[in-house]
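Keep in mind that this is a model prediction, so the values were computed, not measured. Here is how names work: the chains are called A, B, and so on, in the same order as the sequence lines, proteins then strands, and each is numbered from 1. Basis for what follows: all heavy atoms, side chains included, without hydrogens, waters or symmetry-related copies.
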There are 2 protein chains.
Amino acid sequence: MSNFVTHLSQDFNNLGVIFMDTNFDKKNFIENFKHNCNRVQIKKFLKGETVTTYIEKRNQICIVISGEIDLIRYDFNGNKTIIGHFVDDDVFGEAFYPANTNNELFAIARKNSEVLFFNYDSLFTKCKRNCDFHKTLTNSLSELFLDQIISLNLRIELLTKRNIRGKILSYFELLSKSTLHRTFILPYSYTDLADYLSVDRSAMMRELKLLIDEGFIKKNGNKITLLY
Amino acid sequence: MSNFVTHLSQDFNNLGVIFMDTNFDKKNFIENFKHNCNRVQIKKFLKGETVTTYIEKRNQICIVISGEIDLIRYDFNGNKTIIGHFVDDDVFGEAFYPANTNNELFAIARKNSEVLFFNYDSLFTKCKRNCDFHKTLTNSLSELFLDQIISLNLRIELLTKRNIRGKILSYFELLSKSTLHRTFILPYSYTDLADYLSVDRSAMMRELKLLIDEGFIKKNGNKITLLY
DNA sequence: AAAAAACTGTTGCAAAAGCAACAAAAATCA
DNA sequence: TGATTTTTGTTGCTTTTGCAACAGTTTTTT
């Protein structure tokens, strides 16, 4: 096919995997991890259930096997912020947070989900004796962490945009790139999208309307089309 | 001394190292890396010099040996945003960014600095044959990445605060914790602090004045004291 | 199938933040 | 040291964003 398509496909891969020339297969790694290491735990969660709270689980690391998990903060005014949104193969957990932030964070299953838990420390101590798989583990972990850094940097890109319009458009751009289409379905309700972009919902809706009126986007329910 | 002080000291360590019970010594690791691996490059930069641009260096990873590096974005309106601020032992580089973001990013030395460069791929291929040190490398890298994730999460915490006051106070809180004092020196000029918090400078100054008038903080040049 | 809950779309008004501009102070340069 | 550049502190005005409220949909629960 055309170079154009090839080029796009590469970008698409990069969003998840990034390094074309390393042959790290995340899915495969996680499968192996799940079956070959006796220090991990798999749990299932129904939509709405609390997966974990970020309290005194200093070395806990979680990997999303399937489903979607949100990391949520409620500040003292009751404002909800979606701090993070995790899908297949993403890592999260208190290990990634500094001790003693004043906030209470909750990881909530947005859909029915399956999550792998392990203790970061135990990997490097107890596990060593029991788990053959251990040798390649740290290597793969650093790939996983690297991916996580990339997605956090993306998030920061969004959040540093100076106004609501900038945030919305950056986010849409992102979705457009990762789906390879100018039309895509939002993975969030508008209520949650506002929380994710850290802006007021009504202000966001107003801005969306402006974007429609000015001909930048088309919107049908939660289906968005970029027109520029 | 009191439990209180002990408690604080632990927090302080956690900001940098996080895992009290793993004996990973970042400084030591980087020293070894520098001397024992022939795939790394060390360069010195004068204040204001460009360390690297994030263009087509897909696998480049950099570690700050000494000094301070800012990662800067200029958007099409000419707005400057400080996307990241890196100090001793921090990692940065295009490897941590998704391919094809529309932005041009620049890493600029804020002070005279020394930076270690390496190519992520080469570590896992060519280096293997030449470098004894390689065995422990990936393990250490994942620790380094983990620290980076923690500091990115902190950044996101700041940026998701809903107003300027929230951002300022969170940031000050952070400095206070990491210095163990209610009085501390800002590492930024106020101009740059505004860029870092992604807000307008004059609006930030106005908010600072309000915080002073309302008795929350004291300010003397770039020395801040928290009074609450 | 009815009732309850959550989400969408919208608005007027209030508050916060951004913009532009400028004088004074501080830092840097030559 | 004196000149130049950058930073600080401030303000009036404009724009953007947030808040509160409510009616109409849609989704979920019972």
To the nearest Å, give me how far apart [atom1] ([X]) and [atom2] ([N]) are.
X	N	atom1	atom2	result
A/L210	C/dT10	CG	C1'	12 Å
A/R110	C/dA6	CZ	P	14 Å
A/I212	C/dG9	CD1	C1'	11 Å
B/L211	C/dA16	CG	P	12 Å
B/L208	C/dA16	CG	P	16 Å
B/D192	C/dA27	CG	C1'	14 Å
B/Y190	D/dG9	OH	P	6 Å

Side-chain touch [X]/[Y], heavy atoms, less than 4.5 angstrom:
X	Y	answer
A/I83	A/Y97	yes
B/L175	B/P187	yes
A/F145	A/I61	yes

Footprint string (nucleotides 14-30 of chain D, 5' to 3'): B base within contact, S backbone only, - free, heavy atoms under 4.0 Å: ---BBBBB------S--

Cation-pi check, B/R155 onto B/Y196 ring (under 6.0 Å, within 45° of axis): yes

Distance-only donor-acceptor check, side chains A/S170 and A/E157, under 3.5 Å: no

Is the distance from OP1 or OP2 of [N] to the nearest side-chain N or O of [X] less than 4.0 Å?
X	N	result
A/T191	C/dT8	yes
A/K219	C/dG9	yes
A/K209	C/dT8	no

Derivation of the salt bridge (charged side-chain N to carboxylate O under 4.0 Å, His left out) call for A/D192 and A/K80: CA-CA 9 Å; A/D192 284 341; A/K80 171 182 164 187; 3.4 Å; yes

